[in-house]
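What follows is a single structure, written as structure tokens, with notes after it.
Each chain gets a letter, A, B and so on, in the order the sequences are listed, and its residues count up from 1.
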Number of protein chains: 2
Amino acid sequence: MNRTERLNAILDLLAGSGQVEVDDIVHRLGVSPATARRDLDSLANERLLTRTRGGAVQGSVAYDLPGRYNRDDNGGQKQQIALAASALVHKGAVIGLCGGTTSTALAQVLSTRADLMEHSVRPTLTVVTNAINIAAQLVVRPNFKIMVTGGIVNPRSYELVGPYTDIILQKVALDFAFIGVNGIDPEVGPTVDDEGEATVNSLMARRASEAYMLADSSKIGKRAFATMEGYHFHKLITDSGITADELAAFQRNKIDVIVAPGA
Amino acid sequence: MNRTERLNAILDLLAGSGQVEVDDIVHRLGVSPATARRDLDSLANERLLTRTRGGAVQGSVAYDLPGRYNRDDNGGQKQQIALAASALVHKGAVIGLCGGTTSTALAQVLSTRADLMEHSVRPTLTVVTNAINIAAQLVVRPNFKIMVTGGIVNPRSYELVGPYTDIILQKVALDFAFIGVNGIDPEVGPTVDDEGEATVNSLMARRASEAYMLADSSKIGKRAFATMEGYHFHKLITDSGITADELAAFQRNKIDVIVAPGA
DNA sequence: CAGAAAGCGATCATTAGTAATCATTTGAGT
DNA sequence: ACTCAAATGATTACTAATGATCGCTTTCTG
């Protein structure tokens, strides 16, 4: 049994009962615990499951609290970026969130912000997103209004893309858009790995009064596959890992950089 | 029982009665009071509940979600109905799935069907759904193509409804539609609890060559709030709990009934 | 109002799971 | 057959989760 077969077998186990343990994999597939963990970690990286201590659970649905994802990520860079972005969002705002880990972290921060918790007639926050994991995470908050764009699911990123996505995005107006990117270069601008996502991202940015790119400092200087044409980003939120040179380069290109304080 | 399961179990207890005590957790889940308190504190941090002395009460969160993969219902009626519905679906089909527990069970069955597992260039199954829990569940199958309709999320059912949903549904053509209903009466026809879902359901049915209602036998004779105008259903899939009288009544109204064999 | 009882937070030892490293094996491509 | 890279399993040190204990605070009750 090779690695690919095994990964599929793990997904099967998971589909059966909604969860799987390291020991299950060890016994049923006959590999060592080390390999079982590595497999689970790979699948978690692909966002095909969520790691828990001792195993994994299906998907990233809201109530399957990923024990670690929420908790000890608190000092991480993505978390810092998310906190900085959250600080911009006032009560009652209408925001757009695309997919990606940083946006997911932002959704997590927003979903636990105390001042957005109160019950009221109007939603305390309206979120438009093309990421079904973000929608699933936020939907347990009855005081948030969640709109999903529709489209074809990209299984690697949980994002919805395609022409149907665009149709719906053209019908909304956002106060803020937060766009996670896979690479951000002072010259080339923001890039992502998937051309479909690039289209959705730039369209979402255009529908917003203020559009922010989210990128941790490791993405700076990187170039991914697809550029986002049709929109010039002016604002970037990143972490304190950015160098002075990079900061200067962005300023030369008229991009405001918000640096989230370090941990 | 690991931590993740336990947190879910606590939310279940809370959803049942609106409150939960430390002692409940200690006895029913078999952990120490210290752990029970730590669990409650974690959930309170996530704003999923509100701590009280001795336990916790519901926060501003809706957790009675149909996405809960019916762990204890596996041999149940819904499962039988799902198997019967699955038998109708051939490889390569384009199907529509609305939300609800029965549809979720069908998604579960489809996602583990061996003949739909093979890798190929074309998707072995294309699923159009307005339920984000179903999309999240099926997206781990790379050989399925998943399309989400878009719209406003109904936090009680995980379903997307509203005008944006309709726009996208008008652009697809389905081989089969499977519509879960909350009530089915031989005279009144199918009904659901939410008028938005009724609209989406009937539209999805109209877009399909063959539309099936899914309803376990307890729903027969019941009437929910919203009717589905604009489409006359001809086919119902239910379980063996249906009575001969009910069966005859449906036949008088020209509705074919597929009875899933008992467990 | 006083005392009892229940709950709580803090701390610590124990257990189980994990990350990191390294040697060995496997397997694909030449 | 040979080489090299990737995958695997074993070992180690580390970290998270749990349950027990203790002293303190809150709440109940007589």
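Closest-nucleotide positions on DNA chain C for A/Gly55 and B/Asp41 were compared, and the one nearer the 5' end corresponds to B/Asp41.
For A/Lys235 and A/Asp256, the salt-bridge test fails: no basic side-chain N is under 4.0 Å from an acidic carboxylate O. A salt bridge between B/Arg51 and B/Asp41 is present, with a side-chain N of the basic residue lying under 4.0 Å from a carboxylate O of the acidic one.
Residue B/Thr52 is classed as a sugar-phosphate contact, given heavy-atom separations below 4.0 Å to backbone atoms only.
For B/Arg37, the side-chain atoms get nearest to C/dC8 when compared with the rest of C/dT18, C/dC8, D/dA7. Listed nucleotides D/dG9, D/dT15, D/dT25 differ in distance to A/Val31; the shortest reach to its side chain belongs to D/dG9. Side-chain proximity of B/Ser32 to D/dA20, C/dA19, D/dA10: nearest is D/dA20. Of the candidate nucleotides D/dG19, C/dT18, D/dG9, D/dG19 has the atom nearest to the side chain of B/Ala34. Side chain of A/Arg51, nearest nucleotide from C/dT18, D/dT18, C/dC8: C/dT18.
Residue A/Leu7 contributes atom CG, which lies 10 Å from atom P of D/dA7 at whole-angstrom precision. Rounding to whole angstrom units, CG of residue B/Leu40 and P of C/dG9 are separated by 11 Å. Taking atom CG of residue B/Asp39 and atom P of nucleotide D/dA17, one finds them 10 Å apart after rounding to whole Å. Per the geometry, CD belonging to A/Glu5 stands 11 Å off P belonging to D/dT8, to the nearest Å. Between A/Glu21 atom CD and C/dA16 atom C1' there is a gap of 12 Å when expressed in whole angstrom units. Rounded to an integer number of Å, the gap from B/Asn2 CG to C/dT15 C1' is 15 Å. The CG atom of A/Leu29 sits 17 Å away from the P atom of D/dA7 (whole-angstrom rounding). Taking atom CZ of residue B/Arg38 and atom P of nucleotide C/dC8, one finds them 13 Å apart after rounding to whole Å.
Put simply, A/Thr35 has no side-chain N or O that comes within less than 4.0 Å of OP1 or OP2 on D/dT8. Note on A/Arg6: a side-chain N or O is less than 4.0 Å away from OP1 or OP2 of D/dT8. Side-chain nitrogen and oxygen atoms of A/Arg53 include none within less than 4.0 Å of the OP1 or OP2 phosphate oxygen of C/dG17.
Residue-environment remark: CD (A/Glu5) exceeds the threshold of 12 foreign heavy atoms within 6.0 Å.
Rounding to the nearest 0.5 Å places OG1 of A/Thr124 at 5.0 Å from CZ of A/Phe144.
By the 30° and 60° cut-offs, the orientation of the rings of A/Tyr212 relative to A/Phe178 is parallel.
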